[in-house]
Amino acid sequence: MSEYEDDVVLTDISKISEEIKLQSKKNHSKIILRSFFSIAIVSLIATYLFSPIGKVKINNLSGNYYLTKDDVISLCGLRKNDSLLKVSVKKTMSKLNESPYVNRSSIDWHLTYLNVYVDEVAPIAKLEDGEILLTNGEIYSAYQKNIVLIQLITIMSI
């Protein structure tokens with residue numbers, strides 16, 4: 001090989017070496033950026049899951065007279081510490097509609113809360129044996145568990 005050819009080869013190798021270094025720096029930057037975004041996303045998800053923001057809470061309860069927000073959460077088969085991501089609107093509404101307290105209901109799921117509409121089956125009288133007569137004609141003694149409601153019915157029947 002001639003001296004000129006040696007210079008060309010060395011120049012080509014140095015160019016290739018510089019390109020490799022440049023590509024290595026780009027790849028390194030991409031890895032750092034991807035790692036940062038991955039950590040940020042995992043942190044946001046963890047914050048949502050473990051903070052009060054992502055827990056079951058009813059923002060707006062309408063159509064109710066007797067049932068409280070806590071009663072509705074319980075009838076839905078949920079707890080306040082459950083994650084909103086766990087809530088299936090269809091299943092929750094189905095469970096709520098199975099309750100003898102509810103004729104029909106609707107639930108709107110939002111990222112940080114639920115809006116619930118409940119068409120209640122209201123108690124209208126307390127019978128002599130302690131059972132409760134409901135507006136849909138059914139008798140349901142489980143209302144006795146709710147002491148406030150029993151007192152209200154007792155006052156209504158006087």
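All of these numbers come straight from a predicted model, not from anything done at the bench.
The two atoms that bring Leu78 and Val56 nearest to each other are CD1-CG1, 4.2 Å, heavy atoms only. Here the closest non-hydrogen pair linking Cys76 and Lys95 is O-CD, 3.3 Å. Contact record, Val121 with Val102: CG2-C, 3.8 Å, taken as the closest heavy-atom pair. Here the closest heavy-atom approach between residue Ile107 and residue Met93 is recorded as N-SD, 3.5 Å. Contact record, Arg104 with Asp119: NH1-OD2, 2.5 Å, taken as the closest heavy-atom pair.
Within the 4.5 Å cutoff, the side chain of Leu84 has heavy atoms near those of the Leu114 side chain. Side-chain contact between Leu67 and Leu75 is present, with at least one heavy-atom pair separated by less than 4.5 Å.
Leu111 and Val89 end up in the same hydrophobic cluster when Ile, Leu, Val, Met, Phe, Trp and Tyr side chains are linked at under 4.5 Å. If you chain together hydrophobic residues whose side chains sit under 4.5 Å apart, Tyr117 and Ile58 never meet in one group. Phe37 and Ile45 are members of different hydrophobic clusters when ILVMFWY side chains are connected at heavy-atom separations under 4.5 Å.
Once rounded to the nearest 0.5 Å, the distance linking CG of Leu33 with NE2 of His28 reads 11.5 Å. Note that CG of Asn115 is 5.5 Å distant from CG of Asp108, once rounded to the nearest 0.5 Å. Of the inter-residue distances, the one linking Ser38 atom OG with Ile31 atom CD1 reads 11.5 Å to the nearest 0.5 angstrom.
In this structure, the side chain of Ser74 does not engage the main chain of Asp70 through any donor-acceptor pair within 3.5 Å. Listed for the Ser43 side chain is a donor-acceptor partner under 3.5 Å among the backbone atoms of Ile39.
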**Request:** Give the C-alpha distance, both sets of side-chain angles, the deciding distance and a yes or no for side chain to side chain donor-acceptor pair (under 3.5 Å) between Asp71 and Thr68.
**Result:** CA-CA 5 Å; Asp71 293 336; Thr68 65; 3.2 Å; yes
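Enclosure of atom NZ in Lys69 by more than 12 non-hydrogen atoms of other residues, nucleotides or ligands within 6.0 angstrom is indicated.
Scanning for salt bridge (Lys or Arg N to Asp or Glu O under 4.0 Å) contacts around Lys86 gives Asp82, with sequence neighbours left out. Residues satisfying the ring pair (Phe, Tyr, Trp, His ring centres under 6.0 Å) criterion with His110, sequence neighbours excluded, are Tyr113.
Between Ile73 and the choices Lys80, Lys57, Arg79, the side chain to side chain contact (heavy atoms under 4.5 Å, CB included) rule is met once, by Lys80.
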